[in-house]
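Numbers here are sequence positions counted from 1.
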Amino acid sequence: MSKTSEKPQYESVAEFMRATGLGDAQLAKVLDCDRSLVTKLRLGHKFRSLRRPMQIAKTCKVPIDRLVA
């Protein structure tokens with residue numbers, strides 16, 4: 001049985017936040033991270049590694065390439 005992969009629905013974390021009505025503090029709680037990281041993500045910050053971005057992409061339904069440099 002294959003694992004069903006969810007297709008990204010949003011182009012960015014900012015778009016996800018607008019669509020869901022989540023603020024920086026609320027999304028930080030969902031992602032279990034500091035609010036300053038959510039602010040960076042909302043502004044388009046990209047990661048150099050994959051571990052954290054994979055979790056964020058899955059939670060926020062955003063393409064991984066929008067989060068990794």
Side-chain angles (χ1 to χ4, degrees):
M1 188 175 266
S2 66
K3 183 178 178 182
T4 305
S5 61
E6 266 187 62
K7 187 172 181 165
Q9 296 178 352
Y10 304 100
E11 289 296 315
S12 66
V13 172
E15 184 181 333
F16 169 79
M17 291 173 71
R18 281 191 298 275
T20 59
L22 291 174
D24 288 5
Q26 294 165 313
L27 185 55
K29 189 170 185 168
V30 170
L31 295 174
D32 190 29
C33 68
D34 191 76
R35 197 177 104 192
S36 64
L37 176 59
V38 173
T39 300
K40 289 177 184 178
L41 291 169
R42 184 173 38 78
L43 296 175
H45 172 81
K46 294 192 177 191
F47 292 87
R48 293 181 189 262
S49 67
L50 288 177
R51 190 173 131 230
R52 189 68 168 163
M54 288 177 67
Q55 176 203 11
I56 294 165
K58 184 177 179 181
T59 300
C60 296
K61 299 176 185 164
V62 173
I64 190 78
D65 64 343
R66 298 292 182 158
L67 303 170
V68 180

Under 6.0 Å from the NZ atom of Lys29, do we count more than 12 heavy atoms belonging to anything else shown?
-> no
Any side-chain heavy atom of Val62 within less than 4.5 Å of one from Ile56?
-> no
Can you list every pair that meets ring pair (Phe, Tyr, Trp, His ring centres under 6.0 Å) and has a residue in residues 32-69, with sequence neighbours left out?
-> His45-Phe47
Is there any ring pair (Phe, Tyr, Trp, His ring centres under 6.0 Å) pair reaching into residues 14-41, and which pairs are they, with sequence neighbours excluded?
-> Tyr10-Phe16
Spacing of Arg42 atom CZ and Arg35 atom CZ [to the nearest 0.5 Å] = 9.0 Å
Side-chain contact, heavy-atom cut-off 4.5 Å: Asp24 with Met17?
-> yes
d(Leu41 CG, Cys33 SG) to nearest 0.5 Å is 7.0 Å
Let me see the working for Leu27 and Thr20 under side chain to side chain contact (heavy atoms under 4.5 Å, CB included), right down to the final yes or no.
-> CA-CA 10 Å; Leu27 185 55; Thr20 59; over 6 Å; no
Partner set under side chain to side chain contact (heavy atoms under 4.5 Å, CB included) for Arg18, not counting sequence neighbours | Ala14, Glu15
Residue pairs, two or more places apart or on separate chains, that pass side-chain hydrogen bond (donor to acceptor under 3.5 Å, both in side chains) and touch residues 60-69 = Glu11-Arg66
Results of side chain to side chain donor-acceptor pair (under 3.5 Å) for Arg52 - residues two or more places apart only | Gln55
To the nearest 0.5 Å, how far apart are CG in Leu67 and SG in Cys60?
-> 8.0 Å
Partners of Leu50 by side chain to side chain contact (heavy atoms under 4.5 Å, CB included), sequence neighbours excluded?
-> Met54, Ile64, Val68
